[in-house]
Amino acid sequence: MSTITHRKNPSQPLTIQTPPSDAPISKLNDFYWTEETEPHTIRRKLILQKYPHVTKLCGPEPLTKFIVFGVVTLQLSLAYYLRDTDFLSWKFFLISYIIGATANQNCFLAIHELSHNLGFKKPLYNKLYSIFTNLPIGIPYSASFQPYHQLHHKYLGDEILDTDIPTNYEAIILSNVLGKSFFATFQILFYALRPMFITQIKFTYIHLVNILVQFSVDYYMVTHWGWKSLSYLIFSSFLAGSLHPCSGHFIAEHYIMNPPKSYDRTKDHPPVETYSYYGILNLFTWNVGLHNEHHDFPYVAWSKLFKLNEIANEFYVDLPKHESWTMVIVNFISDPNVLLYNRVKRENKRKVQPRE
């Protein structure tokens with residue numbers, strides 16, 4: 001047994017079983033720490049040098065707001081349709097899993113698009129439409145997502161500012177088959193709750209509007225349609241971030257699924273930390289599978305990411321990619337070499353401290 005000290009919480013040492021220093025990387029419980037700059041800034045500069053006209057791809061996609069309106073209408077219609085359906089029935093579950101989870105994942109990722117101001121030219125309009133897009137999710141989410149997601153892009157891999165990365169405590173406890181199964185099943189809760197325990201953001205009037213609008217609609221739904229309608233929406237949100245094919249993107253985007261047999265942060269380049277997926281599920285998820293392309297040019301809308309890949313194809317064709325989000329979930333759980341530690345991480349050097 002050894003005692004280790006959390007980098008940012010020295011007053012809270014952890015006592016765990018640690019492997020010898022010469023153990024293989026699959027046994028060394030640590031993230032892939034690096035001092036190197038995240039790769040997307042570098043690749044963006046190289047692409048712009050060779051193809052300066054890709055900047056013409058940047059900007060809002062007018063079609064986004066109409067698709068969002070259709071998906072929100074579909075989910076609210078189904079919530080009304082299921083108002084008298086037993087929550088424990090197969091009908092309720094299958095509609096929630098097949099349609100509801102897919103639609104709500106679409107809403108999650110539409111909010112992601114709007115967080116980059118890719119629905120409207122004016123940022124305020126994107127924020128307000130995100131609140132509308134949030135309605136089928138059942139819980140206020142959109143206002144908090146944008147600032148945290150902007151930090152994820154700006155400080156990719158930062159141990160404090162990138163709250164997409166599991167904490168040391170999560171990695172220690174959940175880096176086993178049962179732990180990974182639990183994480184994959186309830187990952188939507190980890191992504192929703194983790195940021196609040198790591199990095200504080202300022203509460204603004206947009207947060208208040210998001211809360212008031214969402215709970216007002218929820219209240220109306222419960223009082224006029226019944227609890228089962230709201231249960232459908234919230235259950236759909238849970239399934240959207242659980243063991244569902246579309247939820248595979250959460251893990252696929254940044255987890256290292258084929259870890260190197262050895263890694264020395266002082267002399268080795270970090271493993272590839274962002275992976276793309278070019279399969280059919282992009283049709284339901286705003287092309288979020290093109291994740292290298294998205295991180296390289298976060299102001300290129302979903303509808304133009306394949307065009308970006310086509311123009312600068314030599315920059316992407318040889319990068320590791322996933323063929324199936326479903327198999328990503330399966331391999332994440334079953335592969336003993338894939339742990340919650342399998343993320344590239346960078347030390348915070350901005351004197352930013354976590355919440356007490």
Row check, Y191 ring normal vs R194 NZ/CZ: under 6.0 Å, within 45°: yes
Results of side-chain contact (heavy atoms from CB on, under 4.5 Å) for A103 - residues two or more places apart only: V71, Q75
Point-to-point distance, once rounded to the nearest 0.5 Å, from OG of S77 to CG of L82: 11.0 Å
pair R83-K228: side-chain heavy atoms closer than 4.5 Å: no
side-chain hydrogen bond (donor to acceptor under 3.5 Å, both in side chains) evaluation trace for H254 with T274: CA-CA 5 Å; H254 296 293; T274 305; 3.3 Å; yes
By side chain to side chain donor-acceptor pair (under 3.5 Å) - contacts of E314 (at least two apart): K50, Y51
Gap separating the OH atom of Y263 from the OH atom of Y32, nearest 0.5 angstrom: 9.0 Å
Centroid-centroid under 6.0 Å between F182 and F186 rings: yes
Heavy-atom check, side chain of I95 versus side chain of Y81, under 4.5 Å: yes
Cation over ring face, R346 and Y155, 6.0 Å, 45°: no
Student check: side-chain heavy atoms of T163 and L151 closer than 4.5 Å: no
Any donor-acceptor N or O pair under 3.5 Å, side chains E170, T167: yes
Test side-chain hydrogen bond (donor to acceptor under 3.5 Å, both in side chains) applied to D218 and Q214, step by step: CA-CA 6 Å; D218 290 351; Q214 187 64 56; 3.1 Å; yes
Reference residue L305; test side chain to side chain contact (heavy atoms under 4.5 Å, CB included); the match among N287, N292, N282: N287
Check: S242 side chain, T185 main-chain N or O, donor-acceptor pair, under 3.5 Å: yes
Parallel, tilted or perpendicular: ring planes of H153 versus H112, cut at 30 and 60 degrees: parallel
N210 (side chain) donor-acceptor with P140 (main chain) under 3.5 angstrom: no
Considering all heavy atoms, the nearest I333-A184 contact: CD1-CB, 4.0 Å
Any side-chain heavy-atom pair of Q105 and V288 under 4.5 Å: no
CD1-CG distance between I131 and N134, expressed to the nearest 0.5 angstrom: 8.0 Å
Point-to-point distance, once rounded to the nearest 0.5 Å, from NE2 of H40 to CG of L156: 5.5 Å
Polar side chain donor-acceptor pair, E253 to H295, under 3.5 angstrom: no
Donor-acceptor under 3.5 Å (N176 side chain, G179 main chain): yes
Exercise: identify the closest heavy-atom pair between L57 and K307: CD2-CG, 3.9 Å
S276 and E293: side chain donor to acceptor below 3.5 Å: yes
Minimum-distance pair of heavy atoms, taken over all atoms of P166 and L340: CG-O, 3.8 Å
Centroid-centroid under 6.0 Å between F145 and F108 rings: no
Trace of the side-chain hydrogen bond (donor to acceptor under 3.5 Å, both in side chains) decision for D296 with Y316: CA-CA 11 Å; D296 289 351; Y316 299 112; 2.7 Å; yes
Crowding at CZ, F306 (>12 non-hydrogen neighbours, <6.0 Å): yes
Member of L109, L128, T133 meeting the side chain to side chain contact (heavy atoms under 4.5 Å, CB included) criterion with L114: T133
Polar side chain donor-acceptor pair, H294 to H116, under 3.5 angstrom: yes
Over 12 non-hydrogen atoms of neighbours within 6.0 angstrom of CD1 in I280: no
Minimum heavy-atom distance T85-F92, with the two atoms named: O-CD1, 3.9 Å
Heavy-atom check, side chain of F297 versus side chain of T55, under 4.5 Å: no
Pairing residues for Y148 by the side chain to side chain donor-acceptor pair (under 3.5 Å) criterion, not counting sequence neighbours: none
Pair F66 + F69: ring centers closer than 6.0 Å: no
Minimal non-hydrogen separation, I137 against Y141, with atom names: CD1-CD2, 4.0 Å
Qualifying side chain to side chain donor-acceptor pair (under 3.5 Å) pairs with a residue from residues 62-73, counting only residues at least two apart or across chains: T64-W302
Mutual orientation of the aromatic rings belonging to F93 and F235 [parallel < 30°, tilted 30-60°, perpendicular > 60°]: tilted
More than 12 heavy atoms of other groups within 6.0 Å of Y125 OH: no
Check: N126 side chain, S115 main-chain N or O, donor-acceptor pair, under 3.5 Å: no
Side-chain touch L212/H207, heavy atoms, less than 4.5 angstrom: no
Interatomic distance, N331 atom CG to K180 atom NZ [nearest 0.5 angstrom]: 9.5 Å
Check: S181 side chain, V177 main-chain N or O, donor-acceptor pair, under 3.5 Å: yes
Greater than 12 external heavy atoms within 6.0 Å of D86's CG: yes
Least distance between heavy atoms, P136 atom then S237 atom: O-OG, 4.1 Å
Using distance only, find each side-chain donor-acceptor pair of residues 321-328 under 3.5 Å and give its atom names and separation, not counting sequence neighbours.
unit_1, atom_1, unit_2, atom_2, d
H322, NE2, A252, O, 3.1
S324, OG, T326, N, 3.3
S324, OG, M327, N, 3.1

Between H244 and Y97, ring centroids under 6.0 Å: yes
F203 atom CZ: more than 12 heavy-atom contacts under 6.0 Å: yes
Worked check of side-chain hydrogen bond (donor to acceptor under 3.5 Å, both in side chains) between H152 and D164: CA-CA 7 Å; H152 167 66; D164 186 74; 4.6 Å; no
OG-CD distance between S303 and E61, expressed to the nearest 0.5 angstrom: 3.5 Å
E273 side chain vs V344 backbone, donor-acceptor pair below 3.5 Å: no
For T41, all residues meeting side chain to side chain donor-acceptor pair (under 3.5 Å), sequence neighbours excluded: E38
Minimum side-chain heavy-atom gap L230-Y220 below 4.5 Å: no
Within one Ile-Leu-Val-Met-Phe-Trp-Tyr cluster: M257 and V330, side-chain cutoff 4.5 Å: no
Close side-chain approach of L76 and M221, heavy atoms under 4.5 Å: yes
